Amino acid sequence: MVIKKPNEIKSSEITDEQTYLSRRNFIRAGLLAGTTLATTGVYRFLNPPPPKPFITAEIQDVTKPTDFQTTEKLNTFEEITNYNNYYEFSTSKTAVARQAENFITRPWTIEVGGLVRKPKTFDIEELLKFGQEERIYRFRCVEGWSMVIPWIGFSLKTLLDKVEPLGTAKYVAFETLYDSKQMQSSFSAGIDLPYVEGLRLDEALHPLTILATGLYGKQMPNQNGAPIRLIVPWKYGFKSIKSIVKINLTSSEPPTTWNIAAPSEYGFYSNVNPNVRHPRWSQATEKRIGEYTRRETLLFNGYADEVGKLYEGMDLKRFL
Ligand code: MTE
């Protein structure tokens, strides 16, 4: 690089004071803007904005059958909608609400087929007209936390009856939407997508098994599996597949996402069972979100009287 001596510099090359000052102001403004942007970026990263309030509509004409209520303290709407597992959007429980904020859930259909007499594609608006009930259930995640949630929905049996399962149908397979434009890639989720789940037909027809369309009187928030998800309260939460687009009746046991990912850790049945350890932790106790001490986990999540007979004669330590 050549450095010119002062007397070699032509007056035309000297910047006048005004230009010099405005140039300095411009540089200063640029630096300031850059610093502000960087600081804002770091601040945003450390303090993500709270998700906007969910603008989900009220569900009208909800009945409250006494069989499915509870005296246990409910978890709050804030707890239920800000501590989620929905790997398609994020593997961070507190980030799902924000990541799923703009998830498009209309139009939406569920295709029901396989071993049925009357296969049919149901529009979500039609499903929302099925008699909606409030079902207050305990919800126990395999990770060792639990909540009490006032779901709204209808029994899965109502839907299955309409398609008339054939005698050869023994299982029900479920599939979540997978839309890579709206959801993160399967690679970063660490599981194969679309997320798939399954039940034995008698489990699917059990009165406790519902398709949930909402919670706390409102349509389902995106992070909880809008517009429609499965709830099987006596099984670990990962069986309760979200944002369902396909239901298929089959003669053999369908593959399930977590069993594919880690067959030695997650079985097809995955009934809540305090006597059977997860290979890496005990399932004897759980942390109810909002409580400080752990509580004992109940066999079949406290629904043994209702569902115990489904597993008569089965060794629950073998059929995981
Ligand atoms: N369904 C889909 N499609 N993707 C998921 O990641 N996570 C499961 C289940 N259903 C999951 C899913 C797990 S591990 C749990 S514990 C529950 O959803 C969590 O439901 P919640 O966020 O409403 O509490």
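Atoms within each ligand, like the ligands themselves, are counted from 1 in listed order. It should be emphasised that the depicted structure is a prediction, and the values quoted were computed from it without experimental measurement.
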Per-atom contacts of ligand 1 with T176, taking only distances under 4.0 Å to non-hydrogen atoms:
3 (N)

Among all the protein's non-hydrogen atoms, which is closest to atom 19 (C) of ligand 1, and how far away is it?
N85 O, 3.7 Å

Side-chain donor-acceptor contact under 3.5 Å, Y311 with E203:
yes

Does CG in D61 sit with more than 12 non-hydrogen atoms of other residues, nucleotides or ligands closer than 6.0 Å?
no

Just checking, is any N or O donor in the side chain of E286 or T297 under 3.5 Å from an acceptor N or O on the other one?
yes

Can you list the residues that meet the ring-ring contact (aromatic ring centres under 6.0 Å, His included) rule with F122, with sequence neighbours excluded?
none

Enumerate the atoms of ligand 1 whose separation from the nearest heavy atom of Y87 is less than 4.0 angstrom.
5 (C), 6 (O)

If we ignore hydrogens and angles and just use 3.5 Å, is the side chain of Y236 paired with the main-chain N or O of N273 as donor and acceptor?
yes

Could you verify whether a donor N or O on one side chain and an acceptor N or O on the other, from Y216 and T81, lie under 3.5 Å apart?
no

Would you mind running through ligand 1 and noting each atom that sits below 4.0 Å from a heavy atom of E88?
2 (C), 3 (N), 4 (N), 5 (C), 6 (O)

Would you kindly specify which portion of Y195 sits under 4.0 Å from ligand 1, judged on non-hydrogen atoms: side chain, backbone, both or neither?
side chain

Centre-to-centre under 6.0 Å for F238 and Y266, is that the case here?
yes

So which pairs with a foot in residues 144-155 pass salt bridge (Lys or Arg N to Asp or Glu O under 4.0 Å), sequence neighbours left out?
none

Nearest protein heavy-atom contact for atom 21 (P) of ligand 1: which residue, which atom, what distance?
K242 NZ, 3.4 Å

Is F139 touching ligand 1 with its side chain, its backbone, both, or neither, if touching means heavy atoms under 4.0 Å apart?
side chain

Any atoms of ligand 1 less than 4.0 Å from a non-hydrogen atom of S240? List them with their elements.
9 (C), 10 (N), 18 (O)

With atoms numbered from 1 as shown, which atoms in ligand 1 lie under 4.0 angstrom from a non-hydrogen atom of C141?
16 (S)

So which of Q223, R229, E175 gets nearest to atom 23 (O) of ligand 1, if we judge by its closest heavy atom?
R229

For ligand 1, which atoms, with element, lie under 4.0 Å from some heavy atom of N84?
21 (P), 22 (O), 23 (O)

